[in-house]
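Everything on this sheet refers to the single structure shown next.
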Amino acid sequence: MSNISERACVSPKAKIGNNVTIYPFAYIEDDVVIGDNCVIYPYVSVMNGTRMGSGNTVFQNTVLGALPQDFNFTGEPSQLVIGDNNIFRENVVINRATHSDGQTLIGNRNFLMEGVHVSHDVKIGVMNVLGYGTKIAGDCIIGDRVIFSSGVIANPGSRVGDAVMIQSGTRFSKDIPPFIVATDNPVRYGGVNSTILRNYGVDEKIIAHIANAYRLIFHGQTSVFDAVNQVVDQVPDGPQIQNIVNFIRATKLGIISKL
């Protein structure tokens with residue numbers, strides 16, 4: 001049983017789960033799935049192609065599944081897939097994918113603050129915080145437990161590793177490896193994100209290994225490729241080090257610099 005206001009515009013073709021609350025003046029299109037225990041506040045628009053899990057809360061004037069702002073878009077059906085227990089604050093806009101074989105993906109337990117825009121085909125992991133006015137361009141990939149401070153701009157196709165802190169007003173067009181702080185304009189490496197790592201229970205010895213890996217990568221006198229090989233040879237192995245190595249080896253845009 002759900003609580004849907006008579007003043008909400010909800011397509012009879014939309015699939016609405018149990019215990020869903022939809023406030024007056026919300027707009028839900030035909031090809032939409034909303035899971036159990038979601039709350040949709042007034043003036044929210046949930047557009048065709050949106051697939052939403054359970055326990056999500058969507059605040060006023062948010063648009064989910066908006067048409068992609070991409071010149072390659074030809075009108076074909078595509079999807080925005082949202083996991084569970086996310087919070088979308090006021091005026092958030094998320095575009096669905098450009099093509100039918102793609103998806104814009106939002107994982108679980110993310111918090112998107114007021115004015116965030118997530119473009120087509122972006123992939124966002126779990127437990128991320130996207131600060132006020134953050135803009136993520138198309139085809140970006142965001143890991144888990146990332147914090148975007150306010151006014152961050154991620155340019156197309158860039159990637160952000162796990163447990164990264166990106167400081168306010170930063171703009172970037174290259175990849176930001178895991179477990180670091182990214183700061184300033186032009187963007188630069190601002191050290192290991194040690195405070196957050198400690199909050200997540202990462203052992204001090206592991207944090208020291210991460211710091212040593214990034215000393216080789218950002219402060220060495222070799223190429224990034226050679227520095228990664230040095231990390232493999234010199235830094236004790238573990239999941240975090242493997243994460244760093246695999247992330248950097250997979251880069252197509254290159255990584256941010258130490259400046």
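Since the structure is predicted, the reported quantities are computational estimates derived from the model, not experimental observations.
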Quiz item: Picking from Asn193, Asn243, Asn128, what satisfies side chain to side chain donor-acceptor pair (under 3.5 Å) with Asp162?
Solution: Asn243
Donor-acceptor pair between [X] and [Y] side chains, under 3.5 angstrom:
X	Y	answer
Gln242	Asp237	yes
Asn212	Arg215	yes
Asn91	Glu114	yes
Asn56	Asn86	yes
Asn72	Thr98	no
Ser54	Asn37	no
Thr104	Arg96	no

Can you name the nearest heavy-atom pair linking [X] to [Y], along with the distance?
X	Y	result
Gln167	Thr183	OE1-OG1, 2.6 Å
Ser5	Tyr23	CB-C, 3.8 Å
Val92	Met113	CG2-O, 3.4 Å
Gly169	Asn185	O-ND2, 2.6 Å
Ala227	Leu216	CB-O, 3.4 Å
Thr251	Arg159	CA-NH1, 3.4 Å

I want to check something: taking the side chain as every heavy atom from C-beta on, are [X] and [Y] in contact at a cut-off of under 4.5 Å?
X	Y	value
Cys140	Val122	yes
Val32	Met47	no
Val93	Thr62	no
Ile217	Ile248	yes
Phe172	Asn155	no
Asn110	Val129	no
His120	Gln69	no
Ile256	Arg188	no

If I take atom [atom1] from residue [X] and atom [atom2] from residue [Y], how far apart are they, to the nearest 0.5 angstrom?
X	Y	atom1	atom2	answer
Leu80	Leu105	CG	CG	8.0 Å
Ser119	Ile136	OG	CD1	8.5 Å
Thr74	His99	OG1	NE2	7.0 Å
Asn19	Asn3	CG	CG	9.0 Å
Asn18	Ser2	CG	OG	6.0 Å
Ile210	Gln240	CD1	CD	5.0 Å

Quiz item: Which residues pass the ring pair (Phe, Tyr, Trp, His ring centres under 6.0 Å) test with Phe59, sequence neighbours left out?
Solution: Tyr41
Exercise. State which residues pass side-chain contact (heavy atoms from CB on, under 4.5 Å) with Ser100; sequence neighbours excluded, sorted by chain then number.
Key: Glu76
Side-chain heavy atoms nearer than 4.5 Å, only ILVMFWY residues, links allowed to pass through others: does that put [X] and [Y] together?
X	Y	result
Ile40	Ile4	yes
Tyr200	Val181	yes
Val58	Val81	no
Ile255	Val232	yes
Val63	Tyr132	no

Self-check item: Working for side chain to side chain contact (heavy atoms under 4.5 Å, CB included), residues Asn229 and Arg249
Solution: CA-CA 10 Å; Asn229 289 336; Arg249 283 179 170 170; 3.0 Å; yes
Quiz prompt | Carboxylate-amine/guanidinium proximity below 4.0 Å for Lys13 and Glu29 | solution =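 No, this pair does not count.
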Quiz prompt | Check ion pair Lys15-Asp30 (N to O, under 4.0 angstrom) | solution =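 Judged by the 4.0 Å cut-off on N to carboxylate O distance, Lys15 and Asp30 do not form a salt bridge.
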Quiz item: Between the side chain of Asn85 and the main-chain N/O of Asn108, is any donor-acceptor distance below 3.5 Å?
Solution: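 Not a single qualifying donor-acceptor pair exists.
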With a cut-off of 3.5 Å and sequence neighbours excluded, list every side-chain donor-acceptor pair involving residues 141-153.
unit_1, atom_1, unit_2, atom_2, d
Asp144, OD1, Val126, N, 2.9
Ser149, OG, Ile166, O, 3.2
Ser150, OG, Ser168, OG, 3.4

Exercise. Taking atom CZ of Phe73 as the centre, report whether more than 12 heavy atoms of other residues, nucleotides or ligands fall under 6.0 Å from it.
Key: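 For Phe73, atom CZ is crowded (more than 12 foreign heavy atoms under 6.0 Å).
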Quiz item: Hey, does the Lys NZ or Arg CZ of Arg89 hover above the aromatic six-ring of Phe111, less than 6.0 Å from the centre and inside 45° of the axis?
Solution: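 No, a cation-pi geometry is absent between Arg89 and Phe111.
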Practice problem: Carefully, step by step, assess Asp84 and Arg109 under the rule side chain to side chain contact (heavy atoms under 4.5 Å, CB included). | Solution: CA-CA 6 Å; Asp84 303 330; Arg109 298 176 66 187; over 6 Å; no
